[in-house]
Structure formats: structure tokens, C-alpha cells
Amino acid sequence: MVPELETARLKLLPLTLEDAPVLQKLFPRWEIVRHLSSEVPWPYPPDGALTFVRDVALPGMERGSMWFWSIRLKGGPSHLIGVINLSVGPRENRGFWLGLEWLGRRLMAEACEAVMEFWFNGLGQERLRVSKAVSNLASRRISEREGAKLIAVEERSYVSGRAPAEIWELTREDWNARSRPN
Ligand SMILES: CC(C)(COP(=O)(O)OP(=O)(O)OC[C@H]1O[C@@H](n2cnc3c(N)ncnc32)[C@H](O)[C@@H]1OP(=O)(O)O)[C@@H](O)C(=O)NCCC(=O)NCCS
């Protein structure tokens, strides 16, 4: 139900329990979690990744309402370098994070390209809504470059506390009409 996806530099594979140890190593960094929802436990418990994959990601994928991919760089390392996910629902349809070592190379924009294509033209979804802390400029930039529109600003709870969040929306029509990024 979660297809393997490929881009020029990346392979996206369905997340599995075997990914939990690397996820546990790369994910719990303040620079990564501070802009994430306060549902992320912080300080991150020693079994945080295992619990998350086993109790949230895998059941969601089995229900057919969530799609989680490990992001892997072609040519190594052999383990994941980040995670991207989609979920159905009115509020929050996509999430992502990248290990600190791999930031700043537009890798997430590339992963998003494949995942968005799946969301709109594989699953046939009409719109994608995402929220991001106003101060999360890198995440905002990804939505801007995708052609998403800012539709609302509201307060949300983040690991770093209550903060204003921007709600961005991208429609299938706009996705398919946009010129591809260079
Ligand atoms: C958001 C995230 C996935 C971006 O991944 P990335 O592959 O490193 O993205 P890039 O470094 O290519 O940056 C994307 C854009 O933001 C810009 N950017 C990056 N850091 C920035 C900063 N601190 N201030 C302003 N712009 C910034 C980049 O220049 C780039 O813009 P461009 O494509 O016009 O050049 C990564 O920062 C991350 O994992 N953050 C922590 C988790 C998180 O916030 N997830 C999203 C929650 S909504």
C-alpha cells in the first residue's frame, strides 16, 4: 500500500520496524523537534522511535490512512536520513524531517516532489493542507516553491511551546499546472 518511490538522488522506502534504531539516533535533536507538534514527546524517551513506528506509523499504514517513507540517499549511507509522511484528514496531510547532517541540499524538496505526485495523481487527492510554525523558514520555502497558498494563520502547540502557525494549501489543479522546479 506504500509504494517505493525514487528521485534523482533519493529512494523512498516504506518505513519499517527495522528503521527504528536509526530513527532513534537521528531524530531527537532540538533543531529538528522544536518546530514539530507538541505530540512529539520531549525529552525523547529511549523507546520513542520504536513506539512511534509500532503504534502510530505501521497501524496507520495498515488502515490505509497514512503513508510513511524512510528517505535514503542513493549511494549511501545504507540507513535512512529522514522521514516523510502523508495522512488523510482535514488538517495536516504531510510531515517531514531530515537528519542534521543532510540539511541544506534541497533533498526534502526532492522527496516532496515524488510524494506529492503520489498524493495527487496516485491517490487522486484534491488538496494538501500543511501547517508550519511561522519561524520555520526552510519548511515554508518548500511550500512556496511547490506553489502552495497561505490560507490562514492560527496558534498551534509545538515542542517549543505555543506559536503562530501558517496553514498552506496546494490543490491538485495547481500542482499539475505548475512549472516544474529547476
Ligand atoms: C524543513 C526541512 C525538512 C528542510 O529540508 P532541507 O532539505 O534541508 O531544505 P533546504 O535546506 O533545501 O531548504 C529549503 C529552502 O529553505 C531555505 N532555508 C533553509 N534554511 C533556512 C533558514 N534558516 N532561513 C531561511 N531560509 C532557509 C533554503 O535556502 C531553501 O530555499 P531555496 O530552495 O529557495 O534555496 C529541514 O530543515 C528539517 O528537517 N527541519 C526540522 C523538521 C521540520 O521542521 N519539519 C517540518 C515541520 S512543518
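Count residues from 1 along the sequence. We count ligands from 1, going down the list as the structure has it; atoms in each ligand are counted the same way.
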Strictly less than 4.0 Å: does any protein heavy-atom distance to [atom] fall in that range?
{"atom": "atom 29 (O) of ligand 1", "value": "no"}
{"atom": "atom 36 (C) of ligand 1", "value": "yes"}
{"atom": "atom 40 (N) of ligand 1", "value": "no"}
{"atom": "atom 23 (N) of ligand 1", "value": "no"}

Exercise for review: Within a distance under 4.0 Å of any heavy atom of Trp97, pick out the atoms of ligand 1 and give their elements.
Suggested key: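 Per the distance check, 39 (O), 42 (C).
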Practice item. Find all atoms of ligand 1 within a distance of less than 4.0 Å from any non-hydrogen atom belonging to Leu107, and give their numbers and elements. Key: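 Listed by number with element, the hits are 7 (O).
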**Study point:** Salt bridge flag under 4.0 Å for residues Lys149 and Glu169
**Key:**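 Looking at Glu169 together with Lys149, the answer is no, because their closest N to O distance does not fall below 4.0 Å.
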Review point. Going by an N to O cut-off under 4.0 Å, is there a salt bridge joining Glu110 and Arg105?
Key: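 Arg105 and Glu110: not salt-bridged.
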Check your understanding: For the atom pair CG (Asn136) and OH (Tyr158), what is the distance rounded to the nearest 0.5 Å?
Key ->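 If I round to the nearest 0.5 Å, the distance is 8.0 Å.
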For [atom], closest protein heavy-atom neighbour:
{"atom": "atom 5 (O) of ligand 1", "value": "Met108 CB, 3.5 Å"}
{"atom": "atom 26 (N) of ligand 1", "value": "Leu137 CB, 4.0 Å"}
{"atom": "atom 13 (O) of ligand 1", "value": "Ala138 CB, 4.2 Å"}
{"atom": "atom 31 (O) of ligand 1", "value": "Arg141 CG, 3.1 Å"}
{"atom": "atom 4 (C) of ligand 1", "value": "Ile142 CD1, 3.9 Å"}
{"atom": "atom 44 (O) of ligand 1", "value": "Asn136 ND2, 2.8 Å"}

Where does [X] meet ligand 1, judged by heavy-atom distances below 4.0 Å: at the side chain, the backbone, both, or neither?
{"X": "Leu36", "answer": "side chain"}
{"X": "Arg145", "answer": "side chain"}
{"X": "Phe96", "answer": "both"}
{"X": "Val33", "answer": "neither"}

Review point. How are the rings of Trp42 and Trp30 set relative to one another: parallel (under 30°), tilted (30 to 60°) or perpendicular (over 60°)?
Key: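 Aromatic pair Trp42/Trp30 classed tilted.
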Checking the N or O distance criterion of under 3.5 Å, is ligand 1 in contact with [X]?
{"X": "Ile32", "value": "no"}
{"X": "Ser139", "value": "no"}
{"X": "Ser131", "value": "no"}
{"X": "Leu98", "value": "yes"}
{"X": "Arg106", "value": "yes"}
{"X": "Ala109", "value": "no"}

Determine whether more than 12 heavy atoms belonging to other residues, nucleotides or ligands lie under 6.0 Å from atom [atom1] of [X].
{"X": "Arg162", "atom1": "CZ", "value": "yes"}
{"X": "Glu18", "atom1": "CD", "value": "no"}
{"X": "Glu31", "atom1": "CD", "value": "yes"}
{"X": "Glu144", "atom1": "CD", "value": "yes"}

**Study point:** Closest to atom 11 (O) of ligand 1 (judged by heavy-atom distance), picking from Gly104, Ser37, Ala133
**Key:**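 Closest candidate by heavy-atom distance is Gly104.
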**Study point:** Residues Arg106, Glu113; criterion side chain to side chain contact (heavy atoms under 4.5 Å, CB included); working and verdict
**Key:** CA-CA 11 Å; Arg106 289 191 182 164; Glu113 178 84 20; over 6 Å; no
Point to revise | Asn121 side chain near Arg172 side chain, heavy-atom distance below 4.5 Å | key: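 Counting from C-beta outward, Asn121 and Arg172 do come under 4.5 Å.
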Point to revise | Phe120 side chain reached by Leu128 side chain, heavy atoms, under 4.5 Å | key: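 Yes - at least one pair of side-chain heavy atoms lies under 4.5 Å apart.
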Review point. Hey, is the main chain of Ser78 close enough, under 3.5 Å, to the side chain of Arg72 for a donor-acceptor pair?
Key: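 Yes, Arg72 side chain to Ser78 backbone: donor-acceptor pair under 3.5 Å.
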**Study point:** Matching residue for Trp67 among Asn85, Ile84, Leu15, Val88 - test: side-chain contact (heavy atoms from CB on, under 4.5 Å)
**Key:**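 Going through the options one by one, the only one that passes is Val88.
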Point to revise | Cluster overlap Leu13 with Met108, hydrophobic side-chain contacts below 4.5 Å | key: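 Different hydrophobic clusters.
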